[in-house]
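Remarks on the structure that follows.
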Amino acid sequence: MTLKLHNTLTKKAELFQPLDPELVSIYSCGPTVYDHAHIGNLSAFITADTLRRVISANNYTVKHVMNFTDVDDKTIRRSRETYPDQEAMDALRTLTHTYGELFLEDMRAIGNDTDALEFIKAADDSTIEGMRQMITELHKAGFAYIADDGVYFSIDSYKKSGKTYGQLVEITDSNTSEQRIQNDEYDKDAAHDFALWKKQKPSEPAWEFILDGIDLTGRPGWHIECSVMSHQGLGRPFDIHTGGIDLAFPHHENEIAQSTAGQDDPTYARMFVHNEHVLVDGKKMSKSLGNFYTLQDLIDHQVDPLAFRLLVLQSHYRKPTSFSLANAEAARNRLANWRVAAALRHQTHDTIADDSEKKVSLRAAPHALLEALNDDLNTPQALMIIDRAFAELESTPLASIHRHSLSTLLDMIDSTLGLQLQSSTPDISDDQKQLILTRQRARDDKDWRTSDTLRDTLLDQGIVIRDTSHGPVWQYAY
RNA sequence: GGCGCCUUGGCCGAGUGGUUAGGCAACGGUCUGCAAAACCGUGUACACGGGUUCGAAUCCCGUAGGUGCCUCCA
């Protein structure tokens with residue numbers, strides 16, 4: 001079993017070989033916690049979660065770090081608007097804590113395992129201290145310079161040290177708006193130089209920072225946050241860096257530059273795995289276009305958050321996903337059908353009447369599923385395998401379905417795809433089972449009135465009875 | 001302007017030189033105490049124009065349309 005992943009650094013699918021076979025290291029760019037996440041944001045985390053699940057399914061132990069960007073322009077601006085009476089720092093903490101918690105709720109709702117993640121916050125004291133140290137080192141080594149509004153990273157110095165800027169996205173003269181190098185002491189030297197640290201502006205939260213005897217009290221730049229947090233969480237280099245494709249440039253490119261400037265090892269992360277966007281009407285879902293849905297919007301439209309997860313998994317992570325409520329409904333129906341199959345495990349047995357070779361797809365499915373996922377997370381292929389296996393179940397009498405085979409497949413689905421088919425379909429109560437038996441006896445006696453009444457009773461409890469030629473089968477009503 | 005990507009049947013969405021992807025929806029039929037389900041059947045799919053090839057949705061060139069990044073963005 002070998003796992004292949006597409007690496008943005010090489011633009012190719014590569015065999016995944018961890019630096020340390022005992023512990024795979026993954027860093028995922030997390031949310032900026034200034035507002036509710038929209039479902040486009042969430043889709044990136046579904047991809048990251050699925051990636052970790054698949055690596056785990058290959059029997060690796062994984063350390064998966066995700067950051068909270070809880071200090072930047074947007075969090076500061078929003079916190080001042082929302083809590084104008086609080087001190088700047090308190091307002092920032094209040095706002096980011098609130099949305100951080102809401103984010104975690106959304107994560108769990110869409111099936112992402114937050115317990116498997118280690119979260120690091122940019123505004124934590126230890127992170128800030130790490131950033132001060134890193135900036136100080138970069139400055140000492142000549143890769144950073146002090147301007148009147150902050151500290152900048154010099155891409156020119158970086159390139160002169162023999163490193164490559166433009167590993168993820170090709171940087172050409174024509175797509176940089178300006179690349180003249182002027183050694184002004186107090187200005188951003190080149191258009192692409194980016195801020196490592198920004199000096200405090202009036203009524204902004206700030207942390208002390210003295211560099212080269214100059215008081216630079218202020219706050220970190222965006223890119224340095226992730227370099228420091230990944231370093232603190234995973235060391236350097238680490239195995240896989242994930243994020244939305246929009247982060248490839250400049251964010252990840254800049255992370256690479258900061259983290260490898262002056263280092264002997266030119267590697268920051270071995271692989272970058274980037275997911276494509278969720279589209280609405282063919283356009284990227286974004287706050288600025290206003291064409292976004294939050295998870296709550298979906299719930300208001302009766303879309304199960306896990307159906308949204310299935311919708312995301314229905315398309316390959318490196319292809320855009322078209323979102324519409326109609327598509328969400330299709331995913332919801334597909335998930336409902338899968339839950340019907342999952343509920344069958346309570347109605348089957350470990351010993352089966354006939355062990356014919358009919359259930360080929362069911363038995364082969366767990367292995368085929370992992371094989372598909374190991375092929376650069378080919379979730380659409382994986383879903384097809386599941387559909388085939390479940391379709392086979394529907395035409396198979398309960399007595400001929402081996403419970404163990406079904407449970408094995410469900411375990412594989414839930415562990416790799418996180419669809420929670422089993423926890424969403426618990427067994428029915430003994431009373432309810434008795435009702436089904438009583439109803440069946442009434443049917444045998446052709447007492448339709450009693451049997452229909454009992455069927456309605458069960459329906460009121462959310463359970464649907466299907467009378468097959470092999471006897472009654474129950475499922476949850478959706 | 002620079003660097004990319006995309007265009008598959010009603011909708012979504014895999015495939016990527018020759019063999020039915022799959023889902024959702026729709027229509028017809030069988031079965032059924034009723035209901036539900038199930039089962040069987042039904043769709044002249046690969047943007048357009050050239051080229052390569054025994055053979056192209058798949059490779060090459062061009063055209064059209066769409067879209068992403070280059071500024072905060074998952």
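Order of the sequence lines sets the chain letters (A, B, ...), proteins ahead of strands, with each chain counted from 1.
Contact between Cys226(A) and Tyr27(A) at its shortest, heavy atoms only, is SG-OH, 3.3 Å. Pairing each heavy atom of Thr416(A) with each of Ala57(A), the nearest pair is CG2-CB, 3.7 Å. Across Met412(A) and Leu369(A), no two heavy atoms sit closer than the pair CG-CD2, 3.4 Å.
Rounded to an integer number of Å, the gap from CD of Glu253(A) to C1' of rU71(B) is 16 Å. Rounded to an integer number of Å, the gap from CD1 of Ile463(A) to C1' of rA36(B) is 15 Å. Atom pair Ile401(A):CD1 and rA38(B):P shows a separation of 13 Å (rounding to whole Å applied). Atom CD of Gln167(A) and atom P of rC69(B) are 22 Å apart (whole Å). Atom CZ of Phe272(A) is separated from atom P of rA74(B) by 16 Å (rounded to the nearest Å). We find that NZ of Lys446(A) is positioned 12 Å from C1' of rU32(B), with the value rounded to whole Å. In this structure, Gln475(A) atom CD and rA37(B) atom P are separated by 8 Å, rounded to whole Å. Distance CG (Leu279(A)) to P (rC5(B)): 16 Å, rounded to an integer number of Å.
Between Trp338(A) and Phe390(A), the two ring planes are perpendicular [angle over 60°; tilted spans 30° to 60°]. Relative orientation of the Phe292(A) and His38(A) rings is tilted, given thresholds of 30° and 60° on the angle between their planes. Relative ring orientation between Trp474(A) and Tyr476(A) is described as perpendicular, the plane-to-plane angle rising above 60° on a 0-90° scale split at 30° and 60°.
A donor atom on one side chain and an acceptor atom on the other are not found under 3.5 Å apart for Arg270(A) and Asn7(A). With 3.5 Å as the limit, one finds no donor-acceptor pair spanning the side chains of Thr425(A) and Arg339(A). Judged purely by distance below 3.5 Å, without hydrogens or angles, the side chains of Arg441(A) and Thr450(A) never pair a donor atom with an acceptor atom. Side-chain atoms of Gln314(A) and Arg334(A) form a donor-acceptor pair, as typed in the model, at a separation below 3.5 Å. Side-chain atoms of Gln258(A) and Asn254(A) include no donor-acceptor pair closer than 3.5 Å.
Between rG43(B) and rA35(B), the distance separating the two P atoms is 29 Å to the nearest Å. Between rG17(B) and rG49(B), the two P atoms lie 23 Å apart (nearest whole Å). Comparing the C1' positions of rG2(B) and rG23(B) gives an interatomic distance of 40 Å, to the nearest angstrom. To the nearest whole angstrom, the two P atoms, one in rC39(B) and one in rC24(B), are 11 Å apart. The C1' atoms of rU7(B) and rU16(B) are separated by 15 Å, rounded to the nearest whole Å. Going from the P atom of rU44(B) to that of rC11(B) covers 15 Å, rounded to whole Å. Nucleotides rA57(B) and rC72(B) place their C1' atoms 39 Å apart, quoted to the nearest Å. Distance noted for atom C1' between rC46(B) and rC12(B): 15 Å (whole Å).
Using a 4.0 Å heavy-atom cutoff across all strands shown, Ile465(A) reaches at least one base atom of the nucleic acid. Using a 4.0 Å heavy-atom cutoff across all strands shown, Val278(A) reaches at least one base atom of the nucleic acid. When heavy atoms are screened at a 4.0 angstrom cut-off, Pro31(A) is found touching no nucleic acid atom at all. Across all strands, Ser451(A) comes closer than 4.0 Å to base atoms (heavy-atom distances). Among the atoms of the strands shown, none is found under 4.0 Å from any heavy atom of Lys287(A).
At rC69(B), one or more side-chain N or O atoms of Lys284(A) fall inside 4.0 Å of OP1 or OP2 (strictly under the cut-off). Contact check, Ser322(A) against rG13(B): a side-chain N or O comes under 4.0 Å of OP1 or OP2. Between rU67(B) and Lys283(A), a contact under 4.0 Å exists linking OP1 or OP2 to a side-chain N or O.
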Item to complete: Would you please test Ser154(A) and Asp193(A) for side chain to side chain donor-acceptor pair (under 3.5 Å) and show each step?
Response: CA-CA 6 Å; Ser154(A) 169; Asp193(A) 286 354; 4.6 Å; no
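Residue Trp448(A) places its side chain closer to rG33(B) than to any other of rA38(B), rU71(B), rG33(B). Of the candidates rA74(B), rC69(B), rA14(B), the closest approach to any side-chain atom of Asn275(A) belongs to rA74(B).
Near RNA chain B, meaning a heavy atom under 4.0 Å from it, residues 34-51 of chain A has His38(A), Gly40(A), Asn41(A), Ser43(A), Ala44(A) in order of number.
At least one side-chain heavy atom of Arg345(A) sits under 4.5 Å from a side-chain heavy atom of Gln422(A).
The base of rC34(B) is paired with the side chain of Arg455(A) by a donor and an acceptor separated by under 3.5 Å.
Partner Arg318(A) forms a side chain to side chain donor-acceptor pair (under 3.5 Å) with one of Thr47(A), Asp376(A), Thr8(A), Asn275(A) and no other, that one being Asp376(A).
A stem is defined here as three or more consecutive Watson-Crick or G-U pairs, each with both distances under 3.5 Å; for RNA chain B these stems are B:1-7 with B:64-70, B:10-12 with B:22-24, B:26-30 with B:38-42, B:47-51 with B:59-63.
Of the residues near RNA chain B, Asp246(A) and Arg443(A), the one whose nearest nucleotide (by heavy atom distance) lies more toward the 5' end is Arg443(A). Each of Arg449(A) and Arg466(A) has a nearest nucleotide on RNA chain B; the 5'-most of these lies closest to Arg449(A).
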Worksheet entry | Per-nucleotide protein contact string for nucleotides 15-27 of chain B, where B marks a base within reach and S marks sugar-phosphate only (heavy atoms under 4.0 Å, - for neither) | S-----BSSSS--
